[in-house]
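To start, the structure under review is shown below, and the notes come after it.
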Number of protein chains: 2
Amino acid sequence: MRYPEAETAEKHQRIVEAAAALFRARGLSGVSVSEVMKAAGLTHGAFYNHFASKDALIAEAIAETTKQFLDGLAAVSADRAGLEAYVTTYLSRAHLDAPGKGCVMAALATEIAHDPAAKPSFTKHFNILLTAFLSRFPGKSAAATRKDSIQTVSTMVGAMVLARATDDPALAEEILATVKHGLTTAN
Amino acid sequence: MRYPEAETAEKHQRIVEAAAALFRARGLSGVSVSEVMKAAGLTHGAFYNHFASKDALIAEAIAETTKQFLDGLAAVSADRAGLEAYVTTYLSRAHLDAPGKGCVMAALATEIAHDPAAKPSFTKHFNILLTAFLSRFPGKSAAATRKDSIQTVSTMVGAMVLARATDDPALAEEILATVKHGLTTAN
DNA sequence: CCGCAAACATGACGATCATCATGCTTGTGG
DNA sequence: CCACAAGCATGATGATCGTCATGTTTGCGG
């Protein structure tokens, strides 16, 4: 290779991180390859030295967001209090307003559903993410925990997705607050 | 006007219905104006006699899906059993596999969130839809009912959105079945 | 019965985009 | 120390798309 291997790998990572942020902020179809490369400090020509296609970039970007998700989970304790802290952070105004730094599911779910090339990567990482979430659920049997995880994740994602699709800040906050309350007091 | 008014109105409606189906099936950015017109039995040139822009069509298409949503709600009884029947239908494999005929929220939520022109229409119709859902919730106070509606809708939408983003049919069905069970036995 | 304008079709325009072609630059393997 | 190829930039290409221009048809108001 012509450039130091470490440097090349770092640029690759920068591209993936820029893509992960831009895609979540503006959608898969709302961001061009050129924009991603510019955000990574390169020009569009170098793109195909790193990825076979935009679809390949999307797949890697999804993987990157999963790493970030796991970091967020790791920051809370593995008990009921930690879970509630996580839910509270997830359903916060900060997350609502910063989709580029937030959950992939809440930012891109329906676009992924319409993009056959993105679904395999999403599916793989959704499984990882569910397992991680599950491992931090306190008590009960493994089966019950998995069910609880699926329900809790569905509710969190649905709330954020609806709040984001809304134009009215008061309504968005009502959705988040209501679901937050429901998830942190029930069970 | 040159064409009979009724005929023109009918064509307008055909365009909106075709758009509502195509957008939900393949996404806002995945469907071109020409495709919608062809599906409505016209050519692309006539489009701007009916709509000011693609954004305007999107807004009307969202309104159309809301009408369809309300029809679905009206089909069940206004009690606990009716609510559970509705949830069961919503979280069915038939709905999973037919996004073009299903809920807008589950089909387009994240794309709407990324499209400033679509958000006002969505917000307006989300309010309508929430009110209708609420009016069919049995018992309790109005405030509690609104909270229950928001939580239930969030969970249903989240589950469908995640199931649709998934490549693995078994996982998709697990999500639907789990959330369906949670919503029809709890409370 | 006539002229006007609405509705529709064909076709064009300009912009955007993913991808590829080409050439330069530069470090690494030999 | 040298040749090769990886990595990057500039620029081109072909396709798609939203929108507009133009011409034609045809029913409605007068």
Side-chain angles (χ1 to χ4, degrees), chain A residues 1-23 25-62 108 111-112 114-118 121, chain B residues 1-23 25-62 108 111-112 114-118 121:
Chain A
M1 329 142 189
R2 182 159 132 265
Y3 280 70
E5 190 174 337
E7 203 173 307
T8 298
E10 190 219 332
K11 282 174 187 169
H12 186 97
Q13 180 62 17
R14 275 216 312 272
I15 297 170
V16 172
E17 285 173 12
L22 285 172
F23 284 147
R26 312 222 309 270
L28 299 179
S29 67
V31 177
S32 68
V33 167
S34 296
E35 270 179 300
V36 172
M37 293 303 280
K38 184 181 297 186
L42 299 171
T43 61
H44 66 279
F47 179 76
Y48 290 88
N49 280 85
H50 288 277
F51 306 93
S53 64
K54 185 181 181 181
D55 282 337
L57 173 63
I58 290 172
E60 282 202 38
I62 290 173
L108 297 174
E111 268 185 295
I112 291 171
H114 292 137
D115 183 352
S121 177
Chain B
M1 326 141 190
R2 181 159 133 267
Y3 280 70
E5 190 175 334
E7 203 174 306
T8 298
E10 191 219 332
K11 283 174 187 169
H12 187 96
Q13 180 62 18
R14 274 216 312 271
I15 297 171
V16 171
E17 286 173 11
L22 286 171
F23 284 148
R26 312 222 309 269
L28 299 178
S29 66
V31 177
S32 69
V33 168
S34 296
E35 271 179 300
V36 172
M37 293 302 280
K38 183 180 296 185
L42 299 171
T43 61
H44 67 279
F47 179 76
Y48 290 88
N49 279 86
H50 289 276
F51 306 92
S53 64
K54 185 180 181 181
D55 282 338
L57 172 63
I58 290 172
E60 281 202 40
I62 290 174
L108 297 175
E111 266 185 296
I112 290 171
H114 293 137
D115 183 351
S121 178

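What's counted below: heavy atoms across the whole structure, side chains too, no hydrogens, waters or symmetry copies. Below, chains carry the letters A, B, ... as their sequence lines are ordered, and counting in each starts from 1.
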CZ of B/Arg14 versus C1' of C/dC8: gap in Å, rounded? 12 Å

Any base atoms under 4.0 Å from A/Val36, or only sugar-phosphate, or nothing? Heavy atoms, all strands. nothing

Are B/Tyr48 and D/dC20 close enough that a side-chain N or O sits under 4.0 Å from OP1 or OP2? no

Whether the side chain of A/Arg14 engages the backbone of A/Ala40 through a donor-acceptor N/O pair (distance < 3.5 Å, no angle test) should be reported. yes

Between A/Gln13 (CD) and D/dG7 (P), how many Å, whole number? 16 Å

C/dA6, OP1 or OP2 - any side-chain N/O from B/His50 closer than 4.0 Å? no

Which is true for A/Ser32 with a 4.0 Å heavy-atom rule: it touches a base, it touches only sugar-phosphate, or it touches nothing? sugar-phosphate

Spacing of A/Leu22 atom CG relative to C/dC17 atom C1', expressed in whole Å: 16 Å

Quick one: B/Phe47 CZ to D/dA21 P, roughly how many Å, whole number? 16 Å

Tell me the interatomic distance from A/Asn49, atom CG, to C/dA18, atom C1', rounded to whole angstroms. 16 Å

Whole angstrom value for the distance that separates C1' of C/dA6 from NE2 of B/His12: 15 Å

Backbone N or O of B/Ser29 within a donor-acceptor pair of the B/Glu111 side chain at under 3.5 Å? yes

Criterion side-chain contact (heavy atoms from CB on, under 4.5 Å) against B/Phe51, the qualifying member of B/Val16, B/Ile58, B/Val33: B/Val16

To the nearest Å, give me how far apart CD (A/Glu10) and C1' (D/dG7) are. 14 Å

Candidate list A/Thr43, A/Leu57, A/Leu42, test side-chain contact (heavy atoms from CB on, under 4.5 Å), partner A/Met37, passing option: A/Leu42

Value in whole Å for how far the P atom of C/dT16 lies from CE of A/Met37: 20 Å

Give me the distances for all protein-to-nucleotides 11-13 of chain D N/O pairs that come in under 3.5 Å?
{"from": "D/dG11", "atom 1": "N7", "to": "A/His44", "atom 2": "NE2", "distance (Å)": "3.3"}
{"from": "D/dG11", "atom 1": "O6", "to": "A/His44", "atom 2": "NE2", "distance (Å)": "2.5"}

Considering heavy-atom distances to DNA chain C, does A/Ala52 or A/Ser29 have its closest nucleotide positioned more toward the 5' end? A/Ser29

By the side chain to side chain donor-acceptor pair (under 3.5 Å) test, which pairs, at least two apart or in different chains, include something from residues 44-62 of chain B? B/His12-B/His50, B/His12-B/Glu60

Between C/dA7, D/dT19, D/dA9, which one does the side chain of B/Val33 approach most closely? D/dT19

OP1 or OP2 of C/dC17 under 4.0 Å from side-chain N/O of A/Lys54: no

Hey, what do you get for CG (B/Leu28) to CD1 (B/Ile112), rounding to the nearest 0.5 Å? 6.0 Å

